[in-house]
2 protein chains.
Amino acid sequence: MDSIDRKIINRLQQNARVSLKALAKECYISPPTISARIHHLEQLGIIKNYYTLIDYKKAGYHIKAFVHVKVDPKDKSNFYKYIESIPNVLECDCVSGEFSMVIKVIFESTELLDSFINLLQRFGKTNTQIVFSTPVDVRGVSLSEEKA
Amino acid sequence: MDSIDRKIINRLQQNARVSLKALAKECYISPPTISARIHHLEQLGIIKNYYTLIDYKKAGYHIKAFVHVKVDPKDKSNFYKYIESIPNVLECDCVSGEFSMVIKVIFESTELLDSFINLLQRFGKTNTQIVFSTPVDVRGVSLSEEKA
DNA sequence: AGTGAAATGAATCTGTA
DNA sequence: TACAGATTCATTTCACT
(Lines give C-alpha, C1' and ligand atoms only; values in the text may rest on other atoms or scores of the structure.)
Protein backbone atom coordinates (compact mmCIF):
# COMPACT_ATOMS: atom_id res chain seq x y z
CA MET A 1 0.00 0.00 0.00
CA ASP A 2 1.77 3.09 -1.22
CA SER A 3 0.43 6.53 -2.09
CA ILE A 4 -0.64 5.41 -5.57
CA ASP A 5 -2.72 2.58 -4.12
CA ARG A 6 -4.36 5.03 -1.77
CA LYS A 7 -5.13 7.36 -4.65
CA ILE A 8 -6.68 4.50 -6.62
CA ILE A 9 -8.79 3.51 -3.63
CA ASN A 10 -9.96 7.08 -3.12
CA ARG A 11 -11.05 7.44 -6.71
CA LEU A 12 -12.80 4.07 -6.71
CA GLN A 13 -14.65 5.00 -3.55
CA GLN A 14 -15.91 8.17 -5.23
CA ASN A 15 -16.80 6.37 -8.45
CA ALA A 16 -16.48 2.63 -8.78
CA ARG A 17 -17.00 2.82 -12.53
CA VAL A 18 -14.10 5.15 -13.31
CA SER A 19 -12.04 3.84 -16.25
CA LEU A 20 -8.51 2.51 -15.97
CA LYS A 21 -7.49 5.11 -18.49
CA ALA A 22 -8.72 8.00 -16.36
CA LEU A 23 -7.09 6.49 -13.26
CA ALA A 24 -3.87 6.03 -15.20
CA LYS A 25 -3.81 9.68 -16.17
CA GLU A 26 -4.48 10.89 -12.63
CA CYS A 27 -1.82 8.64 -11.13
CA TYR A 28 0.77 9.22 -13.87
CA ILE A 29 1.22 5.50 -14.53
CA SER A 30 0.02 3.27 -17.38
CA PRO A 31 -3.35 1.48 -17.57
CA PRO A 32 -1.80 -2.02 -17.30
CA THR A 33 -0.16 -1.01 -14.04
CA ILE A 34 -3.42 0.38 -12.68
CA SER A 35 -5.13 -2.87 -13.62
CA ALA A 36 -2.46 -4.92 -11.87
CA ARG A 37 -2.67 -2.79 -8.74
CA ILE A 38 -6.45 -3.05 -8.58
CA HIS A 39 -6.29 -6.83 -8.91
CA HIS A 40 -3.69 -6.90 -6.19
CA LEU A 41 -5.87 -4.80 -3.86
CA GLU A 42 -8.79 -7.13 -4.57
CA GLN A 43 -6.66 -10.16 -3.79
CA LEU A 44 -5.51 -8.65 -0.51
CA GLY A 45 -9.16 -8.07 0.37
CA ILE A 46 -8.64 -4.32 0.77
CA ILE A 47 -11.16 -3.77 -2.00
CA LYS A 48 -14.17 -5.82 -0.94
CA ASN A 49 -16.90 -4.95 -3.40
CA TYR A 50 -18.17 -2.54 -6.01
CA TYR A 51 -21.53 -1.35 -4.99
CA THR A 52 -24.25 0.88 -6.47
CA LEU A 53 -25.97 3.36 -4.22
CA ILE A 54 -29.60 3.84 -5.13
CA ASP A 55 -32.26 6.28 -3.97
CA TYR A 56 -34.37 4.05 -1.78
CA LYS A 57 -37.26 6.50 -1.61
CA LYS A 58 -37.49 6.57 -5.40
CA ALA A 59 -37.40 2.79 -5.39
CA GLY A 60 -40.43 2.71 -3.09
CA TYR A 61 -38.69 2.29 0.26
CA HIS A 62 -39.94 5.31 2.15
CA ILE A 63 -38.94 4.30 5.64
CA LYS A 64 -35.37 3.99 6.89
CA ALA A 65 -34.65 3.17 10.50
CA PHE A 66 -32.07 1.99 12.98
CA VAL A 67 -33.39 -0.84 15.10
CA HIS A 68 -31.47 -1.68 18.24
CA VAL A 69 -31.92 -5.13 19.78
CA LYS A 70 -30.82 -6.56 23.09
CA VAL A 71 -29.80 -10.05 22.02
CA ASP A 72 -28.93 -12.72 24.56
CA PRO A 73 -25.36 -13.94 23.82
CA LYS A 74 -26.59 -17.52 23.47
CA ASP A 75 -29.04 -16.53 20.70
CA LYS A 76 -26.44 -14.67 18.69
CA SER A 77 -25.77 -17.29 16.02
CA ASN A 78 -29.50 -17.75 15.39
CA PHE A 79 -29.92 -14.01 15.27
CA TYR A 80 -27.09 -13.62 12.76
CA LYS A 81 -28.56 -16.28 10.51
CA TYR A 82 -31.97 -14.64 10.65
CA ILE A 83 -30.81 -11.05 10.12
CA GLU A 84 -28.60 -12.01 7.18
CA SER A 85 -31.63 -13.51 5.43
CA ILE A 86 -33.79 -10.37 5.57
CA PRO A 87 -33.31 -8.36 2.37
CA ASN A 88 -34.46 -5.15 4.07
CA VAL A 89 -31.39 -5.18 6.30
CA LEU A 90 -28.74 -2.87 4.84
CA GLU A 91 -26.24 -3.34 7.65
CA CYS A 92 -25.99 -4.95 11.06
CA ASP A 93 -23.37 -4.30 13.71
CA CYS A 94 -22.66 -5.77 17.12
CA VAL A 95 -21.94 -2.86 19.45
CA SER A 96 -21.12 -1.86 23.02
CA GLY A 97 -23.85 -0.57 25.28
CA GLU A 98 -27.24 -1.70 26.54
CA PHE A 99 -28.50 -2.80 23.11
CA SER A 100 -26.01 -5.22 21.59
CA MET A 101 -27.16 -4.95 17.96
CA VAL A 102 -27.75 -2.05 15.58
CA ILE A 103 -29.63 -2.88 12.39
CA LYS A 104 -30.10 -0.43 9.55
CA VAL A 105 -33.25 -1.27 7.62
CA ILE A 106 -35.48 0.12 4.90
CA PHE A 107 -39.15 -0.65 4.36
CA GLU A 108 -41.92 0.37 2.00
CA SER A 109 -44.10 1.51 4.89
CA THR A 110 -44.21 1.96 8.65
CA GLU A 111 -46.55 -1.02 8.82
CA LEU A 112 -43.93 -3.34 7.35
CA LEU A 113 -41.28 -1.92 9.68
CA ASP A 114 -43.62 -2.58 12.57
CA SER A 115 -44.17 -6.22 11.65
CA PHE A 116 -40.40 -6.68 11.30
CA ILE A 117 -39.88 -5.27 14.79
CA ASN A 118 -42.55 -7.60 16.12
CA LEU A 119 -40.66 -10.57 14.70
CA LEU A 120 -37.45 -9.30 16.26
CA GLN A 121 -39.00 -9.21 19.74
CA ARG A 122 -38.31 -12.92 20.15
CA PHE A 123 -34.59 -12.11 20.35
CA GLY A 124 -35.01 -9.42 23.00
CA LYS A 125 -36.02 -5.87 23.79
CA THR A 126 -35.89 -3.44 20.86
CA ASN A 127 -35.59 0.30 20.41
CA THR A 128 -36.16 2.01 17.07
CA GLN A 129 -34.99 5.29 15.59
CA ILE A 130 -36.81 6.42 12.47
CA VAL A 131 -34.64 8.35 10.03
CA PHE A 132 -36.03 11.80 9.15
CA SER A 133 -33.24 12.90 6.86
CA THR A 134 -29.73 11.93 5.82
CA PRO A 135 -27.33 14.90 5.90
CA VAL A 136 -24.40 12.65 4.93
CA ASP A 137 -25.26 9.65 2.80
CA VAL A 138 -23.22 6.43 2.62
CA ARG A 139 -19.70 7.28 1.52
CA GLY A 140 -16.09 6.15 1.85
CA VAL A 141 -13.09 7.54 3.68
CA SER A 142 -10.45 9.59 1.96
CA LEU A 143 -7.15 7.87 2.61
CA SER A 144 -4.21 10.20 2.92
CA GLU A 145 -2.32 10.30 -0.36
CA GLU A 146 0.87 11.52 1.30
CA LYS A 147 3.96 9.36 1.07
CA ALA A 148 3.70 8.38 4.77
CA MET B 1 -39.36 1.20 -13.68
CA ASP B 2 -40.21 -2.23 -15.02
CA SER B 3 -38.88 -5.66 -14.12
CA ILE B 4 -35.82 -5.23 -16.36
CA ASP B 5 -34.87 -1.99 -14.61
CA ARG B 6 -35.18 -3.73 -11.27
CA LYS B 7 -33.00 -6.57 -12.48
CA ILE B 8 -30.36 -4.11 -13.69
CA ILE B 9 -30.44 -2.31 -10.33
CA ASN B 10 -30.11 -5.57 -8.43
CA ARG B 11 -27.09 -6.64 -10.45
CA LEU B 12 -25.45 -3.23 -10.13
CA GLN B 13 -25.97 -3.28 -6.38
CA GLN B 14 -24.21 -6.64 -6.20
CA ASN B 15 -21.41 -5.54 -8.51
CA ALA B 16 -21.15 -2.01 -9.81
CA ARG B 17 -18.46 -2.98 -12.30
CA VAL B 18 -20.44 -5.62 -14.15
CA SER B 19 -20.17 -5.12 -17.91
CA LEU B 20 -23.05 -4.00 -20.11
CA LYS B 21 -22.50 -7.14 -22.14
CA ALA B 22 -23.02 -9.42 -19.15
CA LEU B 23 -26.10 -7.44 -18.08
CA ALA B 24 -27.45 -7.64 -21.63
CA LYS B 25 -27.15 -11.41 -21.62
CA GLU B 26 -28.87 -11.78 -18.24
CA CYS B 27 -31.73 -9.47 -19.21
CA TYR B 28 -32.14 -10.85 -22.77
CA ILE B 29 -31.81 -7.40 -24.34
CA SER B 30 -28.97 -5.75 -26.26
CA PRO B 31 -26.05 -3.77 -24.73
CA PRO B 32 -27.16 -0.42 -26.22
CA THR B 33 -30.55 -0.85 -24.57
CA ILE B 34 -28.93 -1.65 -21.22
CA SER B 35 -26.79 1.44 -21.58
CA ALA B 36 -29.81 3.63 -22.34
CA ARG B 37 -31.72 2.22 -19.37
CA ILE B 38 -28.82 2.80 -16.99
CA HIS B 39 -28.47 6.40 -18.17
CA HIS B 40 -32.16 6.85 -17.69
CA LEU B 41 -32.00 5.49 -14.14
CA GLU B 42 -29.09 7.83 -13.41
CA GLN B 43 -31.03 10.78 -14.80
CA LEU B 44 -34.03 9.93 -12.66
CA GLY B 45 -31.73 9.87 -9.65
CA ILE B 46 -32.65 6.28 -8.82
CA ILE B 47 -29.01 5.32 -9.29
CA LYS B 48 -27.12 7.80 -7.14
CA ASN B 49 -23.52 6.63 -7.17
CA TYR B 50 -21.12 3.80 -7.83
CA TYR B 51 -19.14 3.15 -4.75
CA THR B 52 -16.29 0.85 -3.75
CA LEU B 53 -16.49 -0.92 -0.41
CA ILE B 54 -13.09 -1.32 1.20
CA ASP B 55 -11.88 -3.22 4.24
CA TYR B 56 -11.36 -0.38 6.69
CA LYS B 57 -9.38 -2.50 9.13
CA LYS B 58 -6.92 -3.43 6.40
CA ALA B 59 -6.69 0.24 5.47
CA GLY B 60 -5.67 1.09 9.06
CA TYR B 61 -9.05 2.17 10.43
CA HIS B 62 -9.44 -0.19 13.36
CA ILE B 63 -12.24 1.58 15.18
CA LYS B 64 -15.79 1.87 13.88
CA ALA B 65 -18.47 3.50 16.00
CA PHE B 66 -21.91 5.03 16.06
CA VAL B 67 -21.90 8.41 17.75
CA HIS B 68 -25.25 9.84 18.81
CA VAL B 69 -25.53 13.58 19.38
CA LYS B 70 -28.28 15.69 20.89
CA VAL B 71 -28.15 18.71 18.59
CA ASP B 72 -30.14 21.83 19.33
CA PRO B 73 -32.42 22.53 16.33
CA LYS B 74 -30.94 26.02 15.93
CA ASP B 75 -27.40 24.58 15.54
CA LYS B 76 -28.43 22.09 12.90
CA SER B 77 -27.12 23.87 9.84
CA ASN B 78 -23.73 24.49 11.48
CA PHE B 79 -23.66 20.88 12.56
CA TYR B 80 -24.42 19.66 9.04
CA LYS B 81 -21.67 21.78 7.57
CA TYR B 82 -19.20 20.52 10.14
CA ILE B 83 -20.10 16.84 9.92
CA GLU B 84 -20.00 16.86 6.13
CA SER B 85 -16.41 18.13 6.25
CA ILE B 86 -15.05 15.33 8.45
CA PRO B 87 -13.68 12.56 6.21
CA ASN B 88 -14.04 9.96 8.98
CA VAL B 89 -17.83 10.28 8.81
CA LEU B 90 -19.24 7.47 6.67
CA GLU B 91 -22.89 8.39 7.18
CA CYS B 92 -25.00 10.77 9.23
CA ASP B 93 -28.73 10.57 9.82
CA CYS B 94 -31.21 12.75 11.61
CA VAL B 95 -33.44 10.45 13.67
CA SER B 96 -36.32 10.29 16.12
CA GLY B 97 -35.63 9.83 19.82
CA GLU B 98 -33.60 11.54 22.52
CA PHE B 99 -30.45 11.86 20.40
CA SER B 100 -31.31 13.59 17.16
CA MET B 101 -28.22 12.54 15.16
CA VAL B 102 -26.57 9.23 14.43
CA ILE B 103 -23.08 9.39 12.92
CA LYS B 104 -21.22 6.36 11.65
CA VAL B 105 -17.47 6.97 11.89
CA ILE B 106 -14.19 5.14 11.50
CA PHE B 107 -10.88 6.04 13.12
CA GLU B 108 -7.36 4.71 13.23
CA SER B 109 -7.45 4.50 17.03
CA THR B 110 -9.68 4.99 20.05
CA GLU B 111 -7.67 8.11 20.88
CA LEU B 112 -8.67 9.78 17.61
CA LEU B 113 -12.29 8.75 18.13
CA ASP B 114 -12.10 10.30 21.58
CA SER B 115 -10.83 13.63 20.31
CA PHE B 116 -13.57 13.68 17.67
CA ILE B 117 -16.20 13.14 20.36
CA ASN B 118 -14.67 15.95 22.40
CA LEU B 119 -15.07 18.31 19.46
CA LEU B 120 -18.68 17.19 19.02
CA GLN B 121 -19.55 18.11 22.62
CA ARG B 122 -20.03 21.72 21.60
CA PHE B 123 -23.16 20.66 19.70
CA GLY B 124 -24.68 18.75 22.61
CA LYS B 125 -24.64 15.61 24.71
CA THR B 126 -23.16 12.54 23.00
CA ASN B 127 -23.45 8.80 23.39
CA THR B 128 -21.14 6.36 21.62
CA GLN B 129 -21.45 2.73 20.60
CA ILE B 130 -18.21 1.04 19.59
CA VAL B 131 -18.63 -1.62 16.90
CA PHE B 132 -17.28 -5.05 17.91
CA SER B 133 -18.21 -6.91 14.76
CA THR B 134 -20.29 -6.52 11.62
CA PRO B 135 -22.49 -9.57 10.95
CA VAL B 136 -24.05 -7.88 7.90
CA ASP B 137 -21.81 -5.43 6.05
CA VAL B 138 -23.07 -2.53 3.90
CA ARG B 139 -25.25 -3.93 1.14
CA GLY B 140 -28.22 -3.05 -1.08
CA VAL B 141 -31.81 -4.22 -1.21
CA SER B 142 -33.00 -6.81 -3.65
CA LEU B 143 -35.87 -5.27 -5.56
CA SER B 144 -38.55 -7.70 -6.61
CA GLU B 145 -38.03 -8.67 -10.24
CA GLU B 146 -41.65 -9.73 -10.65
CA LYS B 147 -43.79 -7.92 -13.19
CA ALA B 148 -45.75 -6.16 -10.41
C1' DA C 1 7.06 -3.00 -10.53
C1' DG C 2 6.94 -0.83 -14.62
C1' DT C 3 6.20 0.15 -19.81
C1' DG C 4 4.50 0.42 -25.06
C1' DA C 5 2.42 -1.89 -28.76
C1' DA C 6 -0.61 -5.37 -30.38
C1' DA C 7 -4.75 -8.15 -29.75
C1' DT C 8 -8.94 -8.69 -27.65
C1' DG C 9 -13.11 -7.26 -25.93
C1' DA C 10 -16.61 -3.86 -24.60
C1' DA C 11 -19.30 0.54 -25.24
C1' DT C 12 -21.19 3.90 -28.29
C1' DC C 13 -23.10 5.67 -32.53
C1' DT C 14 -25.82 5.27 -36.75
C1' DG C 15 -29.43 3.10 -39.27
C1' DT C 16 -33.71 1.09 -39.06
C1' DA C 17 -37.80 -1.17 -37.70
C1' DT D 1 -38.12 1.19 -27.05
C1' DA D 2 -35.71 -1.80 -29.26
C1' DC D 3 -32.10 -3.77 -32.44
C1' DA D 4 -27.83 -5.01 -35.68
C1' DG D 5 -23.73 -3.66 -37.54
C1' DA D 6 -19.76 -0.38 -37.78
C1' DT D 7 -16.78 2.47 -35.31
C1' DT D 8 -14.53 4.03 -31.39
C1' DC D 9 -12.72 3.24 -27.17
C1' DA D 10 -10.97 0.63 -23.07
C1' DT D 11 -8.71 -3.43 -21.22
C1' DT D 12 -5.67 -7.26 -21.25
C1' DT D 13 -1.70 -9.75 -22.86
C1' DC D 14 2.96 -9.99 -24.02
C1' DA D 15 7.79 -9.03 -24.85
C1' DC D 16 10.98 -6.23 -22.75
C1' DT D 17 13.35 -2.72 -19.22
Side-chain angles (χ1 to χ4, degrees), chain A residues 1-60 139-148, chain B residues 1-61 140-148:
Chain A
M1 276 275 280
D2 60 9
S3 66
I4 296 173
D5 285 329
R6 285 190 289 270
K7 187 157 195 162
I8 292 169
I9 290 169
N10 285 343
R11 286 296 281 117
L12 284 173
Q13 282 187 111
Q14 286 158 24
N15 175 14
R17 281 174 84 86
V18 66
S19 73
L20 301 189
K21 199 188 173 184
L23 275 172
K25 197 176 174 187
E26 288 167 35
C27 298
Y28 306 101
I29 56 176
S30 69
T33 309
I34 294 284
S35 176
R37 278 176 179 261
I38 291 177
H39 282 122
H40 189 222
L41 291 168
E42 288 170 350
Q43 230 123 48
L44 291 175
I46 293 173
I47 291 175
K48 284 163 81 173
N49 198 14
Y50 302 101
Y51 168 79
T52 297
L53 189 61
I54 71 165
D55 188 314
Y56 294 117
K57 288 228 166 101
K58 289 182 178 157
R139 68 180 191 187
V141 239
S142 263
L143 307 185
S144 161
E145 288 168 20
E146 302 309 305
K147 294 276 141 117
Chain B
M1 275 276 281
D2 60 9
S3 65
I4 295 174
D5 286 329
R6 285 191 288 270
K7 186 158 195 161
I8 292 170
I9 290 169
N10 285 343
R11 285 295 282 119
L12 283 174
Q13 282 186 111
Q14 287 159 24
N15 177 14
R17 279 177 85 86
V18 67
S19 73
L20 302 189
K21 201 189 174 186
L23 274 172
K25 197 177 174 186
E26 287 166 37
C27 298
Y28 305 101
I29 57 176
S30 70
T33 309
I34 295 283
S35 176
R37 279 175 178 261
I38 290 177
H39 282 122
H40 189 222
L41 291 168
E42 288 169 351
Q43 230 123 49
L44 291 176
I46 293 174
I47 290 176
K48 284 164 81 172
N49 198 14
Y50 303 100
Y51 164 82
T52 296
L53 189 61
I54 71 164
D55 187 314
Y56 294 117
K57 288 229 166 103
K58 287 181 179 158
Y61 293 84
V141 241
S142 263
L143 308 184
S144 162
E145 287 168 22
E146 301 309 305
K147 293 276 139 118

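Residue numbers start from 1 in every chain, and the chains themselves are labelled A, B, ... in the order their sequence lines are given, proteins ahead of strands. In this text the structure is predicted, and so the values were computed from the model without any measurement.
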Using side-chain heavy atoms (C-beta onward) and a distance below 4.5 Å, is [X] in contact with [Y]?
X       : Y       : value
B:Arg37 : B:Ile4  : yes
A:Leu12 : A:Ile38 : yes
B:Leu41 : B:Met1  : yes
B:Thr52 : A:Ile9  : no

Contact nearer the 5' end of DNA chain C, comparing A:Arg17 with A:Pro31: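 The residue whose closest nucleotide sits nearer the 5' end is A:Pro31.
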Does the [X] side chain pair with the main chain of [Y], one donor and one acceptor, at a distance under 3.5 Å?
X       : Y        : answer
A:Gln13 : A:Val141 : yes
A:Lys7  : A:Cys27  : no
A:Arg6  : A:Glu145 : no

Pairing nucleotide - C:dG15, Watson-Crick or G-U, each distance under 3.5 Å: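 Looking at the geometry, C:dG15 pairs with no nucleotide.
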For A:Val18 against B:Arg17, the heavy-atom pair lying closest together: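 Between these two residues, the closest heavy atoms are O-NH1, 3.4 Å.
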Segment of DNA chain D, first to last nucleotide, that comes within the 4.0 Å heavy-atom reach of chain A: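 Span of nucleotides near chain A: D:dA10 to D:dT13.
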In whole angstrom, what separates [X]'s [atom1] from [N]'s [atom2]?
X       : N     : atom1 : atom2 : value
A:Leu20 : C:dG9 : CG    : P     : 16 Å
B:Leu23 : C:dG9 : CG    : C1'   : 16 Å
A:Lys21 : C:dT3 : NZ    : C1'   : 17 Å
A:Tyr28 : C:dT3 : OH    : P     : 14 Å

Interface residues of residues 34-44 of chain A with DNA chain C (non-hydrogen, below 4.0 angstrom):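 Those residues whose heavy atoms fall under 4.0 Å from DNA chain C, taken from residues 34-44 of chain A in numerical order, are A:Arg37.
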Selection from C:dA11, C:dT12, C:dT3 that lies nearest to any side-chain heavy atom of B:Pro32: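 Output: C:dT12.
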